[in-house]
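As the structure is a prediction and not an experimental result, all values here were calculated from the model.
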Amino acid sequence: MKKRIYLLPVSLICLVLGLVIGSIISKMSDTKTAGFSDKLNYVINLISNQYVDEVDRDSLTNKAISLLLDELDPHSVYLTKEEVQKENESLRGNFDGIGVQFRIVEDSIVVVRTIKGGPSEKVGIMAGDRIVMVDGRKLTNITNDTVLHYLKGKRGSKVKLGVYRRGVRNLISFVVTRDKIETKAVAYFGMLDKKTGYIKLDEFSANSYTEVHNALQSLNSQGMQELVFDLRGNGGGFLDQAINIADEFTSKGDLIVYTQGNNRPRKDFYATSGGLFEQGQMIVLIDELSASASEIVSGCIQDNDRGIVIGRRTFGKGLVQEQKDLPDQSAIRLTVARYYTPSGRCIQRPYTNGDSEKYYEDFIARYTNMESNTDTISHDPKYKYKTKKGRTVYGGGGIEPDISLPFSYNKYSEYYKNLIRQGFIFKYCFDYVDRNRKSFAKYSGGEDFVKHYIVSNAELNNMLLSAQNEGLKRQTLSSSEQTEIKQLMKAYIAQNLYEDKYFYSIYVTLDKELLSAIAKTRK
């Protein structure tokens with residue numbers, strides 16, 4: 001009897017879940033649903049008004065949608081209103097805020113730098129300032145999420161900040177008017193030597209094509225004859241941005257990609273004329289975190305024999321999602337098609353509907369084994385394809401590079417790895433700049449710093465001593481490791497003093513994968 005009493009409300013809730021799910025599906029299918037909607041509303045109202053316990057209808061609906069999408073592929077997902085806002089900001093390439101890059105130190109927000117021309121710079125906030133109060137509230141238990149909660153807001157809204165500045169006795173008060181803050185998709189571009197250009201693209205956001213186009217114009221004006229296009233760690237983004245970027249590198253009429261789904265007829269995307277780098281040697285760098293739009297571009301370059309793809313096998317996401325907004329500003333991202341590289345490959349990794357957990361566990365296992373270089377790919381004959389010039393390539397598991405690069409991190413000592421893994425080098429350099437900011441005033445800017453600043457052996461020793469004081473047992477470093485760490489320290493100091501581009505201009509000299517990729521193409 002007790003079992004039956006317990007099962008009755010459970011059954012009723014399951015009925016409502018089914019009705020809610022059915023309502024969502026029917027609304028998205030453009031069929032007549034008036035009668036069903038009336039029935040659904042009747043049942044929901046019935047439960048709200050008469051059910052024995054209080055029911056949170058919004059929570060119930062959200063769970064129902066998530067459960068439904070969990071039964072599909074791993075990339076069809078439900079996004080709450082907050083998640084939609086966060087994702088859209090990333091893909092739009094801008095957000096509304098006060099315009100600072102920050103680091104959390106001892107329950108204060110330390111300004112690493114202000115965004116040039118942004119709201120904080122305009123009112124006089126400076127690198128090294130510590131934000132300790134927001135709108136009269138002292139900050140405690142600070143996390144990245146709470147920082148974003150306090151500092152982000154609608155454009156035009158105001159926030160009052162209490163700032164501690166080294167050397168000033170009392171807190172300085174600033175009122176900052178929030179504004180649109182642009183984010184960069186191209187982390188860095190520049191000339192590696194007299195003929196080799198380099199572009200590091202972090203994501204395929206709304207501004208990515210424009211930023212890549214502008215970078216190519218600049219590099220062409222500097223005499224670029226070959227290009228390294230770095231997509232390592234790039235998890236993808238907008239399909240149209242991938243197509244437009246690939247168009248810069250391919251000749252008119254070349255197939256870039258095509259999409260097709262059960263309810264979507266095949267759609268081909270071809271290159272147009274006038275790309276800024278249709279000729280000249282091209283290297284595309286990829287790794288296990290390159291996904292989606294990154295795989296579209298690298299697959300296009302590979303299948304059209306336009307350049308050499310170097311690195312490690314990519315993630316393997318060959319599914320196309322569309323965002324469907326829901327009335328409460330939440331949304332679902334529904335897989336509507338697969339994309340195929342010019343040779344006909346779908347590079348989507350195998351998955352089982354309803355088992356996204358195993359899908360990501362397989363990836364994590366592969367990622368954590370990178371240091372042992374044990375990653376392999378099965379060359380199943382049914383996934384065998386030919387490039388434009390007849391080279392054999394395979395689908396079904398990401399883009400496999402033309403030239404493989406081993407995971408180079410395992411060449412270092414454990415002591416070296418721990419200095420980086422545990423953030424000792426970065427933390428020391430941040431604190432060093434914060435304590436000695438005035439001493440860097442002798443440099444006219446980032447270019448002058450990069451050209452003339454040298455990390456001394458004494459400063460290296462101070463960093464190692466700091467790590468030891470924080471619990472990392474001191475061990476011997478090889479001479480090459482010492483040289484690299486000093487260069488990395490210089491890069492971090494440049495990053496904390498100036499723009500990110502000065503960090504990258506130093507860091508590329510330490511990037512063994514990048515240097516190896518260039519060397520392999522010049523043999």
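- Between Val100 and Val112 the shortest side-chain heavy-atom distance does not fall below 4.5 Å.
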side-chain contact (heavy atoms from CB on, under 4.5 Å) between Thr509 and Gln487, worked out: CA-CA 9 Å; Thr509 65; Gln487 193 74 341; 3.4 Å; yes

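- No side-chain heavy atom of Tyr359 sits less than 4.5 Å from a side-chain heavy atom of Thr352.
- Minimum heavy-atom separation, Tyr150 to Leu139: CE1-CD2, 3.5 Å.
- With a 4.5 Å cut-off on side-chain heavy atoms, Ile296 and Leu239 count as touching.
- Contacts of Glu470 classified as salt bridge (charged side-chain N to carboxylate O under 4.0 Å, His left out), with partners at least two apart in sequence or in another chain: Lys427.
- Under the 3.5 Å distance criterion, the side-chain polar atoms of Arg313 are matched with a main-chain donor or acceptor of Gly397.
- Leu161 approaches Ile125 most closely through the heavy-atom pair CD1-CD1, 3.8 Å.
- Take Glu484 and apply the salt bridge (charged side-chain N to carboxylate O under 4.0 Å, His left out) test, not counting sequence neighbours, and it matches Lys512.
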Trace of the side-chain contact (heavy atoms from CB on, under 4.5 Å) decision for Arg349 with Phe315: CA-CA 8 Å; Arg349 286 191 296 119; Phe315 181 87; 3.2 Å; yes

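- A donor-acceptor pair is defined here as one N or O able to donate and one able to accept, closer than 3.5 Å; no such pair exists between the side chain of Ser292 and the backbone of Gly318.
- Residue Gln468 holds its CD atom at 6.0 Å from CZ of Arg474, rounded to the nearest 0.5 Å.
- Residues Ile425 and Ile485 meet the side-chain proximity criterion, which asks for heavy atoms closer than 4.5 Å.
- Ser413 contributes a side-chain N or O that, together with a main-chain N or O of Tyr416, makes up a donor-acceptor pair within less than 3.5 Å.
- Not a single salt bridge (charged side-chain N to carboxylate O under 4.0 Å, His left out) links Glu481 to another residue, sequence neighbours left out.
- The shortest heavy-atom contact between Ile199 and Ala215 is CD1-CB, 3.9 Å.
- Taking Ser290 as the reference, Asp287 meet the side chain to side chain donor-acceptor pair (under 3.5 Å) condition, with sequence neighbours excluded.
- For the atom pair CG of Leu477 and OG1 of Thr483, the computed distance is 10.5 Å after rounding to the nearest 0.5 Å.
- Ile98 CD1 to Ile115 CD1: the interatomic distance, rounded to the nearest 0.5 Å, is 10.0 Å.
- Lys490 places a side-chain N or O within donor-acceptor distance of the main-chain N or O of Val450, the cut-off being under 3.5 Å.
- The closest side-chain donor-acceptor pair between Ser330 and Thr80, if any, does not fall under 3.5 angstrom.
- Atom-to-atom distance recorded for Lys122:NZ and Lys116:NZ is 13.0 Å, nearest 0.5 angstrom.
- Side-chain N or O atoms of Glu211 include one that pairs as donor or acceptor with a backbone N or O of Val186 at under 3.5 Å.
- Classification of the Phe440-Tyr432 ring pair by plane angle, with boundaries at 30° and 60°, yields perpendicular.
- Applying the salt bridge (Lys or Arg N to Asp or Glu O under 4.0 Å) definition to pairs two or more places apart or across chains, those involving residues 157-176 are Asp129-Arg165, Arg166-Asp434.
- For Lys152 and Phe95, the positive end sits near the middle of the six-membered ring, less than 6.0 Å away and at most 45° from its axis.
- Under the 30°/60° scheme for interplanar angles, the aromatic rings of Tyr498 and Tyr502 are found to stand perpendicular.
- Considering all non-hydrogen atoms of both residues, Leu289 and Gly233 come closest at CB-CA, 3.7 Å.
- In this structure, OH on Tyr428 lies 9.5 Å from CG on Leu460, to the nearest 0.5 angstrom.
- Contact record, Asn234 with Leu201: ND2-O, 3.0 Å, taken as the closest heavy-atom pair.
- In terms of heavy atoms, Pro119 sits closest to Gly97 at CG-O, 3.7 Å.
- Annotation: side chain of Met126 is not in contact with side chain of Glu121 (no heavy-atom distance under 4.5 Å).
- If you check the side chains of Glu459 and Asn457, you find no donor sitting under 3.5 Å from an acceptor.
- Between the side chain of Lys486 and the main chain of Ser456, no donor-acceptor pair closer than 3.5 Å is present.
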Intermediate values then yes/no, side-chain contact (heavy atoms from CB on, under 4.5 Å), Leu334 and Val77: CA-CA 7 Å; Leu334 186 68; Val77 295; over 6 Å; no

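- Neither side chain, Ser466 nor Asn469, offers a donor N or O lying under 3.5 Å from an acceptor on the other.
- At least one side-chain heavy atom of Leu488 sits under 4.5 Å from a side-chain heavy atom of Tyr507.
- Side-chain atoms of Lys451 and Tyr443, non-hydrogen and from C-beta on, never get closer than 4.5 Å to each other.
- Under the side-chain hydrogen bond (donor to acceptor under 3.5 Å, both in side chains) test applied with Arg333, the options Glu87, Glu322, His75 reduce to a single match, Glu87.
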Verdict with reasoning, Tyr51 to Leu46, per side-chain contact (heavy atoms from CB on, under 4.5 Å): CA-CA 7 Å; Tyr51 182 59; Leu46 180 66; over 6 Å; no

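- We find that Arg232 and Asp230 are joined by a salt bridge, their nearest charged nitrogen and carboxylate oxygen being less than 4.0 Å apart.
- Partners of Tyr492 under the ring-ring contact (aromatic ring centres under 6.0 Å, His included) rule, at least two apart in sequence or in another chain, are Phe426, Phe503.
- A donor-acceptor contact shorter than 3.5 Å links the side chain of Lys317 to the backbone of Leu319.
- Here the side chain of Asn418 pairs a donor or acceptor atom with the backbone of Glu414 at under 3.5 angstrom.
- The backbone N or O of Lys154 sits less than 3.5 Å from a side-chain atom of Ser157, completing a donor-acceptor pair.
- Put simply, the side chain of Val336 does not reach to within 4.5 Å of the side chain of Gln321, judged on heavy atoms.
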side-chain hydrogen bond (donor to acceptor under 3.5 Å, both in side chains) assessment of Thr335 paired with Ser76: CA-CA 6 Å; Thr335 298; Ser76 290; 3.2 Å; yes

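- The pair Glu182-Lys180 meets the salt-bridge criterion, with a side-chain N (NZ, NE, NH1 or NH2) lying under 4.0 Å from an Asp/Glu carboxylate O.
- Here the CD1-CD1 distance, from Ile506 to Ile493, works out to 9.0 Å after rounding to the nearest 0.5 Å.
- Between the His452 side chain and the Asp448 main chain, a donor and an acceptor come within less than 3.5 Å of each other.
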